[in-house]
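Reading through the structure tokens given below for one structure.
Just so you know, these numbers use all the heavy atoms, side chains as well, and skip hydrogens, waters and symmetry mates.
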Amino acid sequence: MTWTLFSQQPRVSELLFNSLRNQRLAHAYLFTGPRGAGKKQIALHLAKALFCKERVADACGLCLSCRRIEAGNHPDVHFITPEGTAIKIDQIRALQKEMAMRAVESFHKVYIIEHIDKMTTQAANSLLKFLEEPPAGVVALLLTENSHAILPTILSRCQIITFSPLSSEQLAKELQTSGIPAGMARVASHITTNLEEARIISQSDWFAQLRNVVIQLMKECKQRNSAALFTIQELFQKNDRLKEDLPLFLDLLILWLRDILYVQVGRHAQLINSDQQDVLQGQALVWTKAELLHGIDLVMETKNRIERNANAQLALERLVLQIQEG
Ligand SMILES: [Zn+2]
């Protein structure tokens, strides 16, 4: 376990590593960025790096200190997360009491607060006072997905560190290293920018099933009969969950049409559904470029229509008929 592991946030890792190495760590950091960008992992790593017995300005992940932090039972590292929907003043008071005590294992004490934007007003005011007069050696790591929802007085007390969302390529790579097949990893990484969400999507049978329906439906669109309409009816009859996942379904449709285009122009390396090359090759022969571009427009329109509460099944049937008309 080293800083280099956080390849998805190289700027952040480098900045924190250098601050640690030069012993110029701030009293308080605000980590801001989308869910899944690695804020919590990096906060934990920073805490480990402060206490690690084996490495300087970095963490081994294996020594007793590192393991205790990972397990949440290190005496000098405190972790706060909303109780129910909010972080309450009692939690901040208890924290202040803990932080006022002498560090057990070294000079430092660390506290990590997740979802700092969810503090009650009293809790925020109490934390603010604490940030204004930080006890020596105490490091605050405040995490949020919504920095705009945080009191400016709190922001001004923190060094703000912005985590960028993962690129699709980074996401797909992360998914693959955890054992998800390349094809599914690529598709999921184009559906969401959130690592956890992408992991869940790419591992679910439902997602694989939806993509199979997309593939089938797009084949049927090229047959001049009502097979495609029948597929849609069946899809709605069999799946209660479909309505909420329709945007996902439509995204998959767009990715599929785009992939057929990619095959036609020979950009095989950019295929999203890279595990379906043979099927895509076949499809590339029966669609014209104009049809594909028009098809993508139509799917986008359908997405808008459904967001405005159009009847989902009707909207999808209309889409298929429009695509068939070319
Ligand atoms: Zn260690």
Review point. Would you call E301 and R305 a salt bridge, using N to O less than 4.0 angstrom?
Key: yes

Review point. Can you check whether T162's main-chain N or O pairs, donor with acceptor, with R11's side chain at less than 3.5 Å?
Key: yes

Review point. Which atoms form the tightest heavy-atom contact between C66 and G61, and what is the distance?
Key: SG-N, 3.3 Å

Point to revise | Same cluster (ILVMFWY, side-chain, under 4.5 Å), W206 and L253 | key: yes

Point to revise | Taking every non-hydrogen atom, the tightest pair across A312 and L246 | key: CB-CD2, 3.4 Å

Review point. Does the side chain of D275 reach to within under 4.5 Å of the side chain of P181, using non-hydrogen atoms?
Key: no

Exercise for review: Indicate yes or no for a side-chain donor-acceptor contact from D117 to the backbone of A149 under 3.5 Å, with no hydrogens or angles considered.
Suggested key: no

Check your understanding: Taking only residues two or more places apart in sequence or in another chain, which ones pass ring-ring contact (aromatic ring centres under 6.0 Å, His included) with H115?
Key -> none

Check your understanding: Counting N and O atoms only, with roles assigned by atom type, does the side chain of N311 sit under 3.5 Å from a partner on the main chain of Q313, one being a donor and the other an acceptor?
Key -> yes

Check your understanding: When you look at CG of N73, are more than 12 heavy atoms from neighbouring residues, nucleotides or ligands closer to it than 6.0 Å?
Key -> yes

Exercise for review: Take T302 and R318 through the test side-chain contact (heavy atoms from CB on, under 4.5 Å) and record every step on the way to the result.
Suggested key: CA-CA 9 Å; T302 307; R318 178 176 163 168; over 6 Å; no

Review point. Is any NZ, NE, NH1 or NH2 atom of the basic residue among E307 and K303 found under 4.0 Å from an Asp or Glu carboxylate oxygen of the other?
Key: no

Exercise for review: Determine, for K222 against E291, whether the closest basic-nitrogen to carboxylate-oxygen distance falls under 4.0 angstrom.
Suggested key: yes

Review point. Is M300 reachable from M218 through a run of hydrophobic residues whose side-chain heavy atoms are each under 4.5 Å from the next?
Key: yes

**Study point:** Salt bridge R199-E196, side-chain N to carboxylate O under 4.0 Å
**Key:** yes

Review point. Is it the case that more than 12 heavy atoms not belonging to D240 sit under 6.0 Å from its CG atom?
Key: no

Review point. Within the distance-only criterion (no hydrogens, no angle test), does the side chain of Q264 pair as donor or acceptor with the backbone N or O of A284 below 3.5 angstrom?
Key: yes

Check your understanding: Would you say F31 and L16 make side-chain contact, with heavy atoms under 4.5 Å?
Key -> yes

Practice item. Answer yes or no: is there an ion pair linking R186 with D259, defined by an N-O contact shorter than 4.0 Å? Key: no

Study note, to complete from the structure: Correct closest heavy-atom pair for C60 and C63 would be SG-N, 3.1 Å

Review point. Does L314 belong to the same Ile/Leu/Val/Met/Phe/Trp/Tyr cluster as F249, with side-chain heavy atoms less than 4.5 Å apart forming each link?
Key: no

Exercise for review: Give the C-alpha distance, both sets of side-chain angles, the deciding distance and a yes or no for side-chain contact (heavy atoms from CB on, under 4.5 Å) between I200 and E197.
Suggested key: CA-CA 5 Å; I200 293 166; E197 216 166 77; 5.8 Å; no

Check your understanding: Can E174 and Q170 be said to form a side-chain hydrogen bond (donor to acceptor under 3.5 Å, both in side chains), step by step?
Key -> CA-CA 6 Å; E174 289 282 321; Q170 287 171 327; over 6 Å; no

Point to revise | Transitive ILVMFWY cluster of I87, excluding itself - 4.5 Å side-chain cut-off | key: L30, I80, I92, L95, M99, Y111, I113, I116, M119, L127, L128, F130, L131, V138, L142, I150, L151, I154, L155, I160

Point to revise | Under 3.5 Å side-chain donor-acceptor pair for Q281 and Q277 | key: no

Exercise for review: Would you indicate whether the side-chain heavy atoms of H78 and I112 approach each other to under 4.5 Å?
Suggested key: no

Point to revise | R211 and N273: side chain donor to acceptor below 3.5 Å | key: yes

Point to revise | Neighbour count above 12 (heavy atom, 6.0 Å) for H108 NE2 | key: yes

**Study point:** Heavy-atom side-chain contact between T2 and R55 under 4.5 Å
**Key:** yes

Check your understanding: Which one of K118, K40, E114, Q91 satisfies the side chain to side chain donor-acceptor pair (under 3.5 Å) criterion with T81?
Key -> E114

Check your understanding: With distance as the sole criterion, is a donor-acceptor pair present between the side chains of D251 and H190 under 3.5 Å?
Key -> no

Review point. Does the separation of the ring centres of F51 and H74 fall below 6.0 angstrom?
Key: yes

Check your understanding: Is there side-chain contact between W256 and V299, with heavy atoms separated by less than 4.5 Å?
Key -> no

Review point. Going through the distances and angles, do L25 and L46 end up as a side-chain contact (heavy atoms from CB on, under 4.5 Å)?
Key: CA-CA 10 Å; L25 221 49; L46 178 60; 4.3 Å; yes

Point to revise | Side chain W3, main chain A57, donor-acceptor under 3.5 Å | key: yes

Study note, to complete from the structure: Minimal heavy-atom distance between H45 and F6, with the atoms involved, is CG-CE1, 3.4 Å

**Study point:** Connected via hydrophobic side-chain network under 4.5 Å: L271 and V286
**Key:** yes

Study note, to complete from the structure: Heavy-atom closest pair (A188 atom, L175 atom, distance to 0.1 Å) is CB-CD1, 4.2 Å

Check your understanding: Do you know which two heavy atoms are closest between C158 and Y29, and how far apart they sit?
Key -> CB-C, 4.2 Å

Exercise for review: Using the salt bridge (Lys or Arg N to Asp or Glu O under 4.0 Å) rule, take K238 and E234 through it: C-alpha gap first, then chi angles, then the decisive distance, then the call.
Suggested key: CA-CA 6 Å; K238 282 188 184 163; E234 204 181 40; 3.6 Å; yes

Review point. Is there a donor-acceptor contact under 3.5 Å from the side chain of R24 to the main chain of S19?
Key: no

Review point. Do V139 and K109 come close enough that some side-chain heavy atom pair is under 4.5 Å?
Key: no

Exercise for review: Would you mind reporting whether K39 and E145 have side-chain heavy atoms less than 4.5 Å apart?
Suggested key: yes

Review point. How about F207 and L248: do any of their side-chain heavy atoms sit closer than 4.5 Å?
Key: yes

Exercise for review: Say whether Q233 and Q237, considering side chains only, have a donor N or O and an acceptor N or O under 3.5 Å apart.
Suggested key: no

Review point. Step by step, would you call N239 with L235 a side-chain contact (heavy atoms from CB on, under 4.5 Å)?
Key: CA-CA 6 Å; N239 304 288; L235 185 66; 3.6 Å; yes

Review point. Under 6.0 Å from the CZ atom of R21, do we count more than 12 heavy atoms belonging to anything else shown?
Key: yes

**Study point:** Polar side-chain atom of S189 near backbone of A185 as donor-acceptor pair, under 3.5 Å
**Key:** yes

Review point. Any chain of hydrophobic side-chain contacts (each under 4.5 Å) joining L44 to L195?
Key: no

Check your understanding: What residue among D76, L50, I69 forms side chain to side chain contact (heavy atoms under 4.5 Å, CB included) with V110?
Key -> L50

Point to revise | Rounded distance (nearest 0.5 Å) linking atom CD of Q283 with atom CG of L257 | key: 9.0 Å

